[in-house]
Participant: 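Please see the structure below; I have some questions.
Being a predicted model, the structure only gives us computed values, none of them experimental. Remember, it's 1-based here, ligands and their atoms both numbered in the order they're listed.
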Amino acid sequence: MNTIVMKFGGTSVAGIEKINNIAGIVSKELKKNKIIVVLSAMAGETNKLQGYLNQFKSSNSIESDLVLTSGEQVTIGLLSAALKNLGIKSIPLLGWQIPIITDENFEKAKILKIDRKRISEYFKDNDVIVLAGFQGINLNGNITSLGRGGSDTTAVAIASAIKAERCDIYTDVDGVYTTDPNIEKKAKKINKVSYEEMLEMSSTGAKVLHTRSVELAMKNNLTLQVLSSLTKKVGTFVVSEKELIEKEIVSGVSYSKNEAKVTISGILDKPGISAKIFSLMNENNINVDMIVQNISQDGVSANITFTVNQKDCDLANTVLDQSKDILNYRSISSDKNVAKISVIGMGMMSQSGVAEKMFKTLAHNQINILAISTSEIKISVLIDKKHTNIAVKSLHEVYNL
Ligand code: ADP
Ligand code: ASP
Ligand code: MG
């Protein structure tokens with residue numbers, strides 16, 4: 001018998017009616033397969049828990065992950081009860097019961113190991129395992145979380161560990177679209193997208209899949225399907241590049257409002273300064289994305305601007321503040337009112353003119369570019385947050401998506 005993994009996101013489990021709906025979907029698949037269901041907390045629940053935590057200085061701690069991961073405990077218990085009501089043999093499990101072993105980084109832990117043996121044992125007496133997404137346990141025995149949106153990663157990791165036949169990610173849209181369908185009604189559903197493109201889309205803000213879930217699926221060559229728990233439509237398949245017949249020049253536009261821009265002004269323009277700044281960020285586990293450096297008018301000092309996740313902005317400022325004597329800069333400033341807009345497409349590798357079109361379109365809409373970064377298949381720009389919607393819509397149109 002095959003095993004498939006079905007992951008349901010927050011909106012799909014928000015309330016008893018929806019949980020009963022999932023029990024129905026699971027029972028249909030059960031005729032041919034053993035199933036691992038991975039669940040998120042009910043929509044809004046993790047935000048609510050984060051709100052409680054914000055009342056204390058508790059980020060990246062034992063407490064924060066213990067609290068943040070608690071919403072999933074509720075949904076797995078309820079779904080397992082709903083399945084048992086239908087006469088299905090099911091067991092609800094938390095991350096530590098598998099166990100899903102992670103590293104020690106609270107709030108952004110990485111999975112190190114999953115014990116497959118235990119899964120086969122649970123399947124001896126059960127047809128369905130209902131597993132809490134988003135959580136694991138570190139080697140000190142503390143509960144960790146995989147970062148917001150991390151249930152997708154739990155699903156892909158478990159599917160890879162057991163070499164599942166399929167991994168279906170059920171959400172509130174019926175697939176991956178050319179841009180977020182909630183901000184551009186003209187967005188179109190994509191039938192197949194490559195791992196590489198999906199990775200760029202996710203990492204630049206398309207939260208329909210957690211970035212690390214795509215990375216893991218690509219590494220393990222696991223096909224993902226993104227589909228809706230409310231319709232019966234076939235979803236979007238995330239596959240290897242070989243399986244794509246046509247490579248679009250631009251296949252999607254994404255945006256992220258979670259960015260913050262940090263500028264260090266009046267720093268010496270000499271070897272080793274950037275190395276010092278970015279090792280400080282690395283030591284503090286702060287991920288840096290775009291980087292721009294320019295020489296100031298005196299020709300001796302320089303300014304460095306970089307972007308970090310908004311959540312890390314205050315920490316980045318503190319770290320730089322504490323290192324003022326070593327770095328010897330004039331001033332630092334930061335701005336959270338920025339957004340990153342990206343265009344992504346495999347065909348970009350062999351076509352010129354994509355950047356020109358992007359910059360012209362933004363200029364035409366009077367949108368100033370604050371920073372630029374590129375990869376072989378992506379161009380990202382940083383702009384003022386208030387222009388996000390108009391930038392996404394006009395780029396979506398200009399590339400005929
Ligand atoms: P879940 O709770 O099921 O994990 P998420 O809210 O994390 O769902 O992800 C689904 C959301 O992703 C959609 O409602 C949509 O607004 C957003 N999204 C952003 N970019 C895209 C895209 N390119 N295609 C589809 N959805 C997208
Ligand atoms: N409940 C977690 C969150 O809201 C994990 C997830 O939904 O994937 O981030
Ligand atoms: Mg999600």
Side-chain angles (χ1 to χ4, degrees), residues 6-14 18 22 38-51 53 64-65 67-76 95 107-109 131-136 143-157 168-191 193 197-214 224-230 233 235-236 238 250-258 311 339-345 388-389 392 395-396 401:
M6 306 168 81
K7 181 259 168 178
F8 295 88
T11 40
S12 309
V13 292
K18 294 203 169 146
I22 296 179
V38 175
L39 295 187
S40 294
M42 293 191 193
E45 188 60 27
T46 318
N47 287 347
K48 190 178 92 188
L49 298 167
Q50 181 67 63
L53 285 165
S64 59
D65 277 0
V67 173
L68 282 178
T69 56
S70 62
E72 276 73 7
Q73 179 159 342
V74 175
T75 51
I76 60 164
E107 289 188 46
K108 43 185 160 187
L131 174 64
F134 178 54
Q135 57 173 257
I143 289 177
T144 50
S145 76
L146 309 181
R148 296 302 306 274
S151 297
D152 298 331
T153 298
T154 308
V156 173
D168 289 340
I169 309 282
Y170 287 84
T171 181
D172 59 352
V173 285
D174 59 2
V176 177
Y177 278 69
T178 47
T179 193
D180 185 346
N182 285 325
I183 77 159
E184 174 53 285
K185 297 284 166 266
K186 292 184 201 150
K188 292 189 204 81
K189 187 162 124 188
I190 306 172
N191 294 329
V193 63
E197 284 168 311
M198 194 64 236
L199 197 53
E200 294 282 18
M201 283 194 198
S202 296
S203 63
T204 53
K207 66 167 185 160
V208 63
L209 283 176
H210 194 231
T211 308
R212 287 225 310 285
S213 73
V214 186
L224 296 182
Q225 181 183 193
V226 177
L227 68 173
S228 161
S229 57
L230 300 170
K233 288 192 206 149
T236 297
V238 187
V250 170
S251 50
V253 179
S254 52
Y255 66 93
S256 163
K257 294 182 182 173
N258 289 330
K311 247 183 124 190
K340 185 172 68 174
I341 314 290
S342 310
V343 297
I344 293 125
T388 307
N389 283 21
V392 170
L395 291 170
H396 192 263
L401 294 174

Participant: In order of chain and number, which residues sit within 4.0 Å of ligand 2 by heavy atom?
Facilitator: Ser40, Ala41, Thr46, Glu72, Phe134, Arg148, Gly149, Gly150, Ser151
Participant: Using a 4.5 Å cut-off on heavy atoms from C-beta on, say whether the side chain of Asn258 contacts that of Lys311.
Facilitator: no
Participant: Report yes if the side chains of Phe134 and Leu68 come closer than 4.5 Å at any heavy-atom pair, otherwise no.
Facilitator: yes
Participant: Could you tell me whether Gln73 atom CD has more than 12 heavy atoms of other residues or ligands within 6.0 Å of it?
Facilitator: no
Participant: Contact between Val156 and Lys7 at the side-chain level, heavy atoms closer than 4.5 Å - yes or no?
Facilitator: no
Participant: Check whether any side-chain heavy atom of Glu45 sits under 4.5 Å from a side-chain heavy atom of Leu49, and report yes or no.
Facilitator: yes
Participant: Does either side chain, that of Asp65 or that of Thr144, offer a donor lying less than 3.5 Å from an acceptor on the other one?
Facilitator: no
Participant: Is there any protein N/O under 3.5 Å from an N/O of ligand 1, and what does the full list of such pairs look like?
Facilitator:
from, atom 1, to, atom 2, distance (Å)
ligand 1, 2 (O), Gly10, N, 3.1
ligand 1, 3 (O), Thr171, OG1, 2.7
ligand 1, 4 (O), Lys7, NZ, 3.1
ligand 1, 6 (O), Lys207, NZ, 3.1
ligand 1, 7 (O), Lys207, O, 3.4
ligand 1, 8 (O), Thr171, OG1, 3.1
ligand 1, 14 (O), Asp172, OD1, 2.9
ligand 1, 14 (O), Asp172, OD2, 3.2
ligand 1, 14 (O), Asn182, ND2, 3.2
ligand 1, 16 (O), Asp180, OD1, 2.8
ligand 1, 16 (O), Asp180, OD2, 3.4
ligand 1, 16 (O), Asn182, ND2, 2.8
ligand 1, 23 (N), Tyr177, O, 2.9
ligand 1, 24 (N), Tyr177, N, 2.9

Participant: If we ignore hydrogens and angles and just use 3.5 Å, is the side chain of Thr236 paired with the main-chain N or O of Val176 as donor and acceptor?
Facilitator: yes
Participant: Classify the side-chain pair Glu184/Thr179 by whether it contains a donor and acceptor separated by less than 3.5 Å.
Facilitator: no
Participant: Does any N or O in the side chain of Glu72 come within less than 3.5 Å of the main-chain N or O of Ser40, such that one atom is a donor and the other an acceptor?
Facilitator: no
